[in-house]
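Inspection log for the structure reproduced underneath, given as structure tokens.
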Amino acid sequence: MIFLSFFLILAGSLFSQSNKKDTTRSLDPAADLYKASIKLIDSLKYKEAIKTLQKAVKIKKDFAEAFNKMAYCNMQLKDFENAQKNLELSLKFKPDNFDCIKYLGRACYLNKKYDLAKKYYDDAQKLEPNDIELMFFIAELRATGQDIKGAMDLYNAILEEKENYAAAYINRGLLKYKQQQFPYAIKDMEQGIKLAKYKNIDDEVYTSLAQAKFEIDDFKGAIKVFDTLIGRNPKNEYAYTNRGAAKLNINDFSNAINDLSEAIKLNSKSYVAYNYRGAAKGGLKQYLEALKDLDYSIKLKFDYASVYRSE
């Protein structure tokens, strides 16, 4: 009897503790879902995280942090429309959240709603006028609006304040490339790529860098950058064509032909590749084959002036 009584008391105690634990766990289910979503985000499972966060905001309608995290996931998935919507909801519940306003401007910018992006950037700047990332976002917007000087001034100010800001070097380099300031563009882009440790660099950056080197007759340097582009995308017709052209300029005719043949496989109507390949064959004194390529280039584009100079 004593044993049975002890067992019943112990069982009752455990049952009570179990119930208490369950009750504690269910006190804030929205918070539990939010924590679960963070683990999913850390695992790069953005779609699953969004579904979990959607459950959280159904329970807690004004859960601003959950809307922010949903927007973050949307941004990673390049769903800028929904990122904007979620940040607007977050802002509704926490009106003076600087980061929310800043990234709302960013979402609008990436969604090509430039006037709205400017409005939110202006609002954010009133709260934190010296925020470096915000300055960078505004510089991007200015460059998009063709305010090159304004963008340059901001990139210069950013790099004075934070000299290791990789993205500012890269974007300033891209602007200098467009202004045909090729040596300065190369210096900035290479510095930015190095500071970024060669991670998350868009093909546009490598393409501009390679072309800038080509323009100053650094053909070997251009070839190395085109190697990178082809390594990233073996079907990059532009890179094969221009790497072939660079090899042509250093009299590496056989390898130029190989590259240009690859470009033609990718695009059988590339009059530029036929022209360069004809010139490379001419360099090897394969005159009949060279003329075939040059004639075909003319057939593809009769008014292509460069091919007449090759002939």
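- In E163, the CD atom is not crowded: 12 or fewer heavy atoms of neighbouring residues, nucleotides or ligands sit closer than 6.0 Å.
- A salt bridge links K94 to E65: at least one charged side-chain nitrogen sits closer than 4.0 Å to a carboxylate oxygen.
- Under 3.5 Å, the side chains of Y103 and E133 contain a donor-acceptor pair of N or O atoms.
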Walk me through it: do F137 and Y109 pass the test ring pair (Phe, Tyr, Trp, His ring centres under 6.0 Å)?
-> CA-CA 9 Å; F137 291 164; Y109 171 80; 8.2 Å; no
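- A salt bridge links D153 to K149: at least one charged side-chain nitrogen sits closer than 4.0 Å to a carboxylate oxygen.
- Ring planes of Y296 and Y274: perpendicular class, angle over 60° (limits at 30 and 60°).
- Classification of E289 and K292 as a salt-bridged pair holds, one side-chain N sitting under 4.0 Å from a carboxylate O.
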Show your reasoning for whether side chain to side chain contact (heavy atoms under 4.5 Å, CB included) applies to K162 and N164.
-> CA-CA 6 Å; K162 189 176 180 181; N164 63 342; 3.3 Å; yes
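- With respect to the salt-bridge test (charged N to carboxylate O, under 4.0 angstrom), the residues K213 and D218 qualify.
- In this pair, Y46 and Y72 present their aromatic rings perpendicular. The plane angle is above 60°, beyond the 30 to 60° band.
- Other residues, nucleotides and ligands contribute over 12 non-hydrogen atoms within 6.0 Å of the NZ atom of K113.
- With no hydrogens or angles considered, no side-chain donor-acceptor pair links N255 and R243 at under 3.5 Å.
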In sequence, state the C-alpha distance, the side-chain angles, and the governing distance for Y238 and Q211, and then conclude on side chain to side chain donor-acceptor pair (under 3.5 Å).
-> CA-CA 11 Å; Y238 173 88; Q211 199 59 46; 2.5 Å; yes
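- Salt-bridge formation is not detected for the pair K85/E88: no Lys NZ or Arg NE/NH1/NH2 atom is positioned less than 4.0 Å from an Asp or Glu carboxylate oxygen.
- Environment of CG in N251: crowded, with over 12 heavy atoms of neighbouring residues, nucleotides or ligands closer than 6.0 Å.
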